[in-house]
Number of protein chains: 2
Amino acid sequence: MKIGDIANKTGFSIETIRFYEKQNLVKNVGRHINNYRDYGDEQIAQLVFIKQCRNIGLSNKEIKILQSHLENPQSECGEVNQLIASALKKIREQLKLLHETELQLNYLNSLCNHNGASHECGIMNELRTTRHF
Amino acid sequence: MKIGDIANKTGFSIETIRFYEKQNLVKNVGRHINNYRDYGDEQIAQLVFIKQCRNIGLSNKEIKILQSHLENPQSECGEVNQLIASALKKIREQLKLLHETELQLNYLNSLCNHNGASHECGIMNELRTTRHF
DNA sequence: ATTGACCCTATATTTACTTCAGGGTTTATA
DNA sequence: TATAAACCCTGAAGTAAATATAGGGTCAAT
């Protein structure tokens, strides 16, 4: 299978797939006689796994750790548990921050809806105001 | 005021403040005879403004646009309104995604809480499973 | 034989900083 | 007075996770 085919199948761009190979997230990629990359089921499985991991916000570094557990089925999975728990914690912190951001943006958004001079703009006046000091 | 002082006052790191100057987000920085940077109220106001903007998730590029409205009080604020509305939209999209991520992570987190072999780990088994295909 | 759709490598760009290497300056202490 | 700790400086490189670009080879069909 050529790179364009697996890109279609997995939803990653061609460039991203080549990038993942360089990063050693996609492995054992074969080559045709003409030097085109050659992919099979193994690489599809790898990319599916990567997609699952990215969907839950894991970094490429963390994905490599999980891959090592895939490759060593006898390894103890405590590290996996920790990684997921810590990811969950981070996501919850981000959610909290984003939620506050939404409130503030929503408030700003309500402060001006005309097109006048900037110095009379409710949004600009609010942003100009000193806080947290 | 030296860079360490304004860093303390504003909560930005020294390096970040120098970086902002290089990016022209902090302007008109003076110099002492010994070549140390010299800050005053103008720079404090600039950094406070930057902090407000970063708190609502704006990029440095967007901050520059807002700064140009500060500097040109007669400019029409329609651009400001649009920028905030679009930021709000982006934040809401991010929130939605993050919320889904939290659900999935929470689910994964429930699938294993022991330290056994990875191939028997509920989390790993779930991640190994193909989806969306 | 040539056009369009693919594929290749290597390098540069992006964002928003952070870190590092290699040095000067100032202040406090012994 | 010496020296060490605590500051400050510049310029370049590193980080994450791709994305884009330049310059060129390959393949299938007309």
Side-chain angles (χ1 to χ4, degrees), chain A residues 1-27 29-40 43 46-47 49-67 83 86-87 90-91 94 97-98 101, chain B residues 1-27 29-40 43 46-47 49-67 83 86-87 90-91 94 97-98 101:
Chain A
M1 198 186 339
K2 286 191 287 180
I3 197 166
D5 302 325
I6 200 172
N8 279 336
K9 233 172 253 223
T10 60
F12 287 108
S13 78
I14 289 175
E15 292 76 22
T16 298
I17 293 171
R18 283 200 281 247
F19 169 72
Y20 283 163
E21 183 183 347
K22 213 179 287 173
Q23 298 290 301
N24 208 33
L25 280 164
V26 171
K27 297 160 191 175
V29 179
R31 292 280 174 155
H32 291 282
I33 320 145
N34 60 11
N35 199 34
Y36 286 11
R37 287 177 179 78
D38 188 14
Y39 299 91
Q43 285 71 43
Q46 287 166 8
L47 285 168
F49 184 77
I50 292 170
K51 180 146 279 189
Q52 301 260 355
C53 292
R54 296 228 46 100
N55 280 343
I56 53 173
L58 300 186
S59 69
N60 292 357
K61 211 175 202 170
E62 291 169 319
I63 296 174
K64 283 187 188 186
I65 293 174
L66 293 188
Q67 282 182 333
L83 203 155
S86 128
K90 275 184 222 153
I91 291 290
Q94 276 185 52
L97 270 176
L98 263 195
T101 303
Chain B
M1 195 183 347
K2 286 191 287 181
I3 197 166
D5 302 327
I6 199 174
N8 279 336
K9 234 172 252 221
T10 61
F12 288 107
S13 79
I14 289 175
E15 292 76 21
T16 298
I17 294 172
R18 282 199 283 247
F19 169 74
Y20 283 162
E21 183 182 347
K22 214 177 287 174
Q23 298 289 299
N24 209 32
L25 281 164
V26 172
K27 296 160 192 176
V29 179
R31 291 281 175 153
H32 290 282
I33 320 144
N34 60 12
N35 198 34
Y36 286 10
R37 287 176 178 78
D38 188 14
Y39 299 92
Q43 285 71 41
Q46 288 167 6
L47 285 168
F49 184 76
I50 292 170
K51 179 147 283 193
Q52 302 259 354
C53 291
R54 297 228 44 99
N55 280 343
I56 53 172
L58 301 186
S59 69
N60 291 357
K61 210 172 202 171
E62 291 169 321
I63 295 174
K64 282 189 187 184
I65 293 174
L66 293 189
Q67 281 182 334
L83 202 155
S86 126
K90 275 183 223 156
I91 291 289
Q94 277 185 50
L97 270 178
L98 263 195
T101 302

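Excluded from the calculations below are hydrogen atoms, water molecules and symmetry mates; all remaining heavy atoms, backbone and side chain alike, are included. Throughout, a chain's letter reflects where its sequence line sits, starting with A, and its residues are numbered from 1.
Remark: P of C:dA5 and NZ of A:Lys2 are 14 Å apart, rounded to the nearest angstrom. Here C:dC6 presents its P atom at 14 Å from CD1 of A:Ile17, a figure rounded to the nearest Å. For B:His32 and C:dT26, the NE2 to P distance is 10 Å, given to the nearest whole Å. The separation between A:Ile33 atom CD1 and D:dT26 atom C1' is 12 Å, rounded to whole Å.
Applying the ring pair (Phe, Tyr, Trp, His ring centres under 6.0 Å) test to B:Phe12 and every residue at least two apart in sequence or in another chain returns B:Tyr20. With sequence neighbours left out, the side-chain contact (heavy atoms from CB on, under 4.5 Å) criterion links A:Asn35 to A:Arg31. Listed by chain and number, the residues in a side-chain hydrogen bond (donor to acceptor under 3.5 Å, both in side chains) with A:Thr16 are A:Ser13 (sequence neighbours excluded). Listed by chain and number, the residues in a salt bridge (Lys or Arg N to Asp or Glu O under 4.0 Å) with B:Lys90 are B:Glu62 (sequence neighbours excluded). B:Leu97 is linked by a side-chain contact (heavy atoms from CB on, under 4.5 Å) to B:Glu100, counting only residues two or more places apart in sequence or in another chain.
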**OP:** For each nucleotide in nucleotides 8-22 of chain C, reading 5' to 3', give B when a protein heavy atom comes within less than 4.0 Å of its base, S when such contact involves only the sugar-phosphate, and - otherwise.
**Re:** SB-B----BBSB---

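A:Gln52 places no side-chain N or O within 3.5 Å of a backbone atom of A:Phe49 that could act as its donor or acceptor partner.
Between B:Ile50 and B:Leu47, the closest side-chain pair of non-hydrogen atoms falls below 4.5 Å.
Screening residues 17-27 of chain A for salt bridge (charged side-chain N to carboxylate O under 4.0 Å, His left out), with sequence neighbours left out, gives A:Glu21-A:Arg37, A:Lys27-A:Glu71.
Summary of helix geometry: the two end axes of the helix from C:dA1-D:dT30 to C:dA30-D:dT1, each defined by five base pairs via their C1' atoms, are inclined to each other by 20° (rounded to 10°).
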